[in-house]
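Inspection log for the structure reproduced underneath, given as structure tokens.
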Amino acid sequence: MIGTKLKLGVASSILVMAAGAAQAQQACESYTVQPGDSLSGIARSAYGDINFQQIWDANRSKIGRNPNSISVGMRLELPCADGTLASAAAAAPAEDAVEETVAAPAAAPATTLKIGLVTGDDYPPYTDEDANGGGVVTQLVREALATVDTGVEADITFINDWGSHLDVLVPSGAFDGTFPWVAPDCEAGSLSEDMQARCDNFRFADPVYEIVTGLITSADSPLGTTETYADFEGKTICIPEGYGAFVMSSGGVSDDAVTYEKPATPEACFEQLVAGSVDAVEMELRQAADLVSKLDIEDEVAVNNAVNAVIALTVFVSQNNEDGDAILEAINTGLENIRGNGVWFQTVQSGFQAYYGE
């Protein structure tokens, strides 16, 4: 969980469409990036909306951790409406060509590492005990650990007192680790007190899932196209009460350099933006897209395509955990396995579809 908890909503991710995408795209095919393209522009052309997250998810090995880092000539997979990839379907053998074989049962590996993890509810679709498989990140952690050949027995418990996870349960050894929390950049020159405490007291697995927090502005505002974080100094940014602020600090701008307006609801932020009483809204882009659509303000807002923060959700273990190295190695090995064999993407897609009914 993120120190100040993000409350995430449904449906699409959102980035502004770059001007001049060079050719039309369609879902369920491959696409070669053209000059002027952005993931959001490709998504709008392919899907008729502003969803880019599934394109990024499907092409992580090529794009990497920054969704803005596509390059001309890059070949991207555009997922089908059901979340599958056209290339995977084409590569699958015909049903009548598959010979049925009965494999000999594999010997079960001896359990060499027992891992007790704690997470909580009220962070859908990433963790929620009532969601399919306990949420997307919960499923990814389970799938990753299930691939480790050395034998791992993992147990995941839901405890909704999020503050106790980092303050008591993991440091005391009651659990080996907790997820999904935002991993801080411990090499950054300055960190908030909360993030510095995480660096001092915990170690982190590789990113399990990454989300994008961005800035939504009025459609006619020059802030919608600036590539300079400092241009937001002196401006008013709306963040709903209880949400975290990440974008400014990720660009080296102190939170003290801007004014934060914090109304009770996400909808109120967009109402203030349209009314002109705030300069931008900071929000996780998957939720922002849904709200923009529901409020029917697509033509009144824009999303800055360059000023944003990529936030890694992952597993924390205590610095004092004697098995910490083995636990992180197991998780990281498993994540590499499921990214390589396609299970990571399939799990993400099925998890979102089950939760949102997409």
Taking all non-hydrogen atoms of both residues, which atom of [X] and which atom of [Y] are closest, and how far apart?
X	Y	value
P67	V212	CG-CG2, 3.9 Å
G133	T138	O-CG2, 3.6 Å
F352	P125	CE2-CG, 3.3 Å
S69	N66	OG-O, 2.7 Å
T226	F232	CG2-CE1, 3.8 Å
A197	F202	O-CD1, 4.3 Å

Have E336 and N332 got a donor and an acceptor in their side chains that come within less than 3.5 Å?
no
Does either side chain, that of Y123 or that of D128, offer a donor lying less than 3.5 Å from an acceptor on the other one?
no
Is a donor on one side and an acceptor on the other found under 3.5 Å between the side chain of [X] and the backbone of [Y]?
X	Y	answer
T333	E329	yes
D323	A326	no
T265	A268	yes
D37	V33	no
Q139	N132	yes
N160	D121	yes
S293	A289	no
S250	V247	yes
Y229	N308	yes
D231	L223	no

I216/L273 under side chain to side chain contact (heavy atoms under 4.5 Å, CB included): CA gap, chis, key distance, verdict
CA-CA 9 Å; I216 302 93; L273 179 65; 4.0 Å; yes
For Q196, look at atom CD and say whether over 12 heavy atoms of other residues, nucleotides or ligands are found less than 6.0 Å away.
yes
More than 12 heavy atoms of other residues, nucleotides or ligands under 6.0 Å from CG of D200: is that the case?
yes
In terms of ring plane angle, is the pair Y126 and Y209 parallel, tilted or perpendicular, where the classes change at 30° and 60°?
tilted
Tell me whether the rings of F316 and W181 are parallel (<30°), tilted (30 to 60°) or perpendicular (>60°).
tilted
Non-hydrogen side-chain atoms of [X] and [Y] separated by less than 4.5 Å:
X	Y	result
I159	H165	yes
F345	S350	no
D206	I331	no
V170	D176	no
L166	P171	no
T259	I237	no
F175	L117	no
L39	I63	yes

[X] [atom1] to [Y] [atom2] distance, which is reported to the nearest 0.5 Å:
X	Y	atom1	atom2	result
C238	E261	SG	CD	6.0 Å
T314	R203	OG1	CZ	13.0 Å
Y31	M74	OH	CE	12.5 Å
Q34	I42	CD	CD1	9.0 Å
M283	L215	CE	CG	11.0 Å
I338	E143	CD1	CD	6.5 Å

When you look at K62 and R75, which way does the side chain to side chain contact (heavy atoms under 4.5 Å, CB included) test go after all the steps?
CA-CA 9 Å; K62 298 176 183 178; R75 193 74 175 168; 4.2 Å; yes
Check against side chain to side chain contact (heavy atoms under 4.5 Å, CB included), V136 and T347:
CA-CA 7 Å; V136 172; T347 301; 5.5 Å; no
V208 and L313: side chain to side chain contact (heavy atoms under 4.5 Å, CB included), yes or no, with the steps?
CA-CA 6 Å; V208 178; L313 302 178; 5.6 Å; no
Between E267 and K294 (salt bridge meaning N to carboxylate O under 4.0 Å), is one present in this structure?
no
Could you tell me whether D155 and K114 have a side-chain N and a carboxylate O separated by less than 4.0 Å?
no
May I have the step-by-step check of salt bridge (charged side-chain N to carboxylate O under 4.0 Å, His left out) for R60 and E210, ending in yes or no?
CA-CA 10 Å; R60 289 293 177 97; E210 290 146 314; 2.6 Å; yes
